[in-house]
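Data first, discussion second: the structure below is written as structure tokens.
Keep in mind that the numbers below use all heavy atoms, side chains included, and drop hydrogens, waters and symmetry copies. Here is how names work: the chains are called A, B, and so on, in the same order as the sequence lines, proteins then strands, and each is numbered from 1.
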Protein chains: 2
Amino acid sequence: MKSTIPDSGVPIGPAAGNGSDRQEASLHGEILLRLRDYVVEGNIPEGARVPERKLCEMLGISRTPLREALKVLAAEGLIELLPNRGARVRQLSQRDLEELFDLMAGLESLAGRLACETITDDEIADIERLHYEMYGHYLHRDMHGYFQINQRIHESIVNAARNETLKTAYANFAGRIRRVRYSANFARKRQRWGEAMREHEAILDALRRRSGSELSDILFQHLRNKRTAAIEHLTEAPEGAPTSP
Amino acid sequence: MKSTIPDSGVPIGPAAGNGSDRQEASLHGEILLRLRDYVVEGNIPEGARVPERKLCEMLGISRTPLREALKVLAAEGLIELLPNRGARVRQLSQRDLEELFDLMAGLESLAGRLACETITDDEIADIERLHYEMYGHYLHRDMHGYFQINQRIHESIVNAARNETLKTAYANFAGRIRRVRYSANFARKRQRWGEAMREHEAILDALRRRSGSELSDILFQHLRNKRTAAIEHLTEAPEGAPTSP
DNA sequence: AGGACAAAAAATGAATGCAAAATGACTGAC
DNA sequence: GTCAGTCATTTTGCATTCATTTTTTGTCCT
């Protein structure tokens with residue numbers, strides 16, 4: 001057996017009904033979007049070799065635009081290209097994950113600092129609403145609901161920074177760890193959960209006072225704690241592939 | 001012929017003696033490195049259209065690997081690809097520059113915070129040496145020398161963070177504004193210069209005390225001030241590089 | 001039977017070819 | 001004299017083709 005890609009019928013057909021209405025003018029752009037999603041969503045096992053041929057017939061295109069897309073994905077850090085041996089989904093070592101988490105922490109910390117400069121009362125009110133909604137989920141021990149709101153809060157902070165470049169970079173790095181992040185979310189223990197809630201309150205407090213420097217610290221520490229929990233969880237339950245470079 | 005590329009004989013010959021010994025196995029990798037440098041160093045005027053054909057004969061290759069490299073450069077934000085109308089060097093608006101400077105400030109601020117966790121006394125001593133060397137340049141009003149050391153200090157801090165992912169991201173964004181940054185360096189007025197020196201002393205102080213949170217603040221503010229000076233300078237002298245050909 | 005070597009098969013990297021779109025120039029009308 | 005429309009040329013986007021490199025398969029020898 002050569003193909004390492006799960007052959008699930010027609011995963012990404014040529015003109016398969018794309019749920020979202022986004023459409024790229026060029027073929028390689030279209031391919032890029034679809035392939036990126038396909039990889040980010042974890043449809044290809046980590047470290048699996050990805051024969052161009054296979055992808056070509058999956059996507060119903062020739063190799064040229066596909067290869068262009070692969071180069072871009074490699075530049076984004078999602079896959080890696082081995083010379084003369086094709087592409088493989090990038091395998092993130094524990095160290096890579098730590099570095100990525102720290103980087104994300106830094107970016108969100110920056111977002112918080114910048115947000116304090118320009119955020120409006122309305123925006124803060126929105127975040128407060130989200131916070132209380134999240135608190136409800138916390139009280140009901142609804143982890144999934146909690147986590148979705150949590151994501152939206154952090155997203156709101158990044159948006160409030162009013163820095164598209166930062167937002168793009170944040171999205172890029174988020175994509176790299178999305179697969180892991182997902183399982184990491186559920187790694188949150190009860191104890192850590194309560195802690196996180198308190199941290200979120202502190203975040204709101206600093207935001208209300210527009211104390212950028214404080215918010216920056218709190219956000220960084222908050223995400224640092226999250227990182228620790230996530231990494232712990234991953235080393236406890238190594239999902240299929242053990243971490244080895 | 002309305003080639004917008006300065007036709008300086010053999011700008012990047014096929015096997016032109018590359019000063020550095022770095023060599024990529026694949027052609028597209030080689031091309032990518034050379035084209036990136038070529039663009040970053042400002043050999044192509046901003047917003048200039050870049051016909052593939054021209055680049056191909058400049059580099060002595062066919063269009064396929066070139067186009068792959070262009071896609072990657074576009075993903076990196078150095079150039080932009082207009083559908084069916086080729087590539088152009090990305091023109092950075094003032095807003096783009098502000099965003100990039102802030103992002104760089106955030107990354108360096110993060111680097112400082114992380115560095116405080118693991119930096120050794122020797123590394124600090126190295127930075128102190130650089131600092132005093134820089135102080136010498138300051139006293140002698142040697143702006144060029146000052147600036148080179150300044151770069152090395154900031155580089156040392158990023159290295160001390162021991163985060164390759166951060167370092168790569170930092171290098172990427174630095175590339176985007178390198179052209180501007182270069183002229184911005186010389187924008188430093190006397191007054192701002194003295195200020196910068198004091199800030200650098202505060203940086204060293206926080207570093208010695210391993211106070212990550214403080215260092216983070218100081219670095220961000222330091223780079224914020226730099227940003228202001230740079231943007232001011234650019235709006236004062238909007239068109240053309242200070243050093244005319 | 002197991003391992004080493006060699007040839008076949010397949011995959012990758014790069015070049016070329018072809019259709020569609022865009023650019024530019026020329027012509028003609030007002 | 002200016003502007004609009006049409007056509008030729010150039011350029012881009014993608015498919016196909018060619019040349020290496022890698023991987024697999026098959027055979028032979030120990």
Side-chain angles (χ1 to χ4, degrees), chain A residues 1-5 7 12-16 22-35 39 44-45 47-75 78-90, chain B residues 1-5 7 12-16 22-36 39 44 47-75 78-90:
Chain A
M1 54 172 69
K2 304 179 290 186
S3 165
T4 37
I5 301 177
D7 213 344
I12 5 181
R22 69 176 181 193
Q23 49 186 4
E24 273 295 308
S26 59
L27 187 49
H28 82 262
E30 171 78 25
I31 294 302
L32 180 57
L33 291 177
R34 275 207 268 175
L35 249 187
V39 171
I44 308 178
R49 282 194 56 180
V50 183
E52 291 178 3
R53 196 76 179 144
K54 208 87 188 174
L55 283 177
C56 281
E57 50 195 51
M58 259 167 73
L59 296 156
I61 56 166
S62 84
R63 284 173 54 216
T64 309
L66 176 83
R67 285 172 57 81
E68 290 174 350
L70 287 179
K71 295 286 184 300
V72 173
L73 291 184
L78 276 165
I79 64 176
E80 48 193 356
L81 301 172
L82 304 155
N84 290 317
R85 274 193 275 147
R88 58 178 31 173
V89 176
R90 186 165 168 199
Chain B
M1 287 310 161
K2 52 170 304 189
S3 162
T4 38
I5 300 177
D7 215 341
I12 1 181
R22 68 174 180 196
Q23 48 185 4
E24 272 294 310
S26 59
L27 187 49
H28 83 262
E30 172 77 26
I31 294 303
L32 180 57
L33 291 176
R34 277 206 267 175
L35 246 187
R36 187 187 292 127
V39 171
I44 307 177
R49 281 197 54 184
V50 183
E52 293 178 2
R53 190 90 178 121
K54 208 86 188 173
L55 282 177
C56 281
E57 47 195 52
M58 259 167 74
L59 296 157
I61 55 163
S62 82
R63 285 174 49 218
T64 309
L66 177 83
R67 285 172 57 81
E68 290 173 351
L70 286 178
K71 296 285 183 302
V72 173
L73 291 184
L78 277 166
I79 64 175
E80 48 192 356
L81 300 173
L82 305 159
N84 290 319
R85 273 191 284 142
R88 59 177 31 172
V89 176
R90 184 163 168 201

A/Leu82 CG to D/dT21 P, in whole Å, measures 17 Å
B/Glu52 CD to C/dA15 P, in whole Å, measures 13 Å
Between CG of B/Asn84 and P of D/dC14 the distance, given in whole Å, is 8 Å
A/Glu68 atom CD is separated from C/dT12 atom P, nearest whole Å, by 16 Å
Is the base of D/dG13 touched by the side chain of B/Arg85 through a donor-acceptor pair closer than 3.5 angstrom?
no
5'-most contact on DNA chain D (nearest-nucleotide basis), A/Pro83 vs A/Ile61, goes to A/Ile61
Between CZ of A/Arg49 and C1' of D/dT23 the distance, given in whole Å, is 8 Å
**Asked** Is it the case that more than 12 heavy atoms not belonging to A/Arg53 sit under 6.0 Å from its CZ atom?
**Response** no
On a heavy-atom basis, the closest approach of A/Cys56 and A/Arg63 is SG-CG, 3.3 Å
The residue among B/Leu27, B/Leu32, B/Leu55 that forms side-chain contact (heavy atoms from CB on, under 4.5 Å) with B/Leu66 is B/Leu55
Minimal heavy-atom distance between B/Arg85 and B/Arg49, with the atoms involved, is O-NH2, 3.2 Å
Here the distance between atom P of D/dC14 and atom CZ of A/Arg63, to the nearest Å, is 16 Å
Q. Looking at A/Arg53, does any N or O in its side chain come under 4.0 Å of the phosphate oxygens OP1/OP2 on C/dT12?
A. no
Against the side chain of A/Leu27, the closest entry in D/dA15, C/dG17, C/dT23 is D/dA15
Per atom distances to the A/Pro65 side chain, the nearest of D/dT12, C/dA15, D/dA15 is D/dA15
Whole-Å distance, B/Leu32 CG to C/dA14 P, equals 12 Å
**OP:** Would you please confirm or rule out a distance under 4.0 Å between OP1 or OP2 of D/dC14 and any side-chain N or O of A/Thr64?
**Re:** no
Between A/Lys71 and A/Leu81 the two heavy atoms that sit nearest each other are CD-CD1, 3.7 Å
To the nearest angstrom, the CZ-P distance between A/Arg67 and C/dA15 comes to 11 Å
Can you check whether B/His28 has a side-chain N or O nearer than 4.0 Å to OP1 or OP2 of C/dA14?
yes
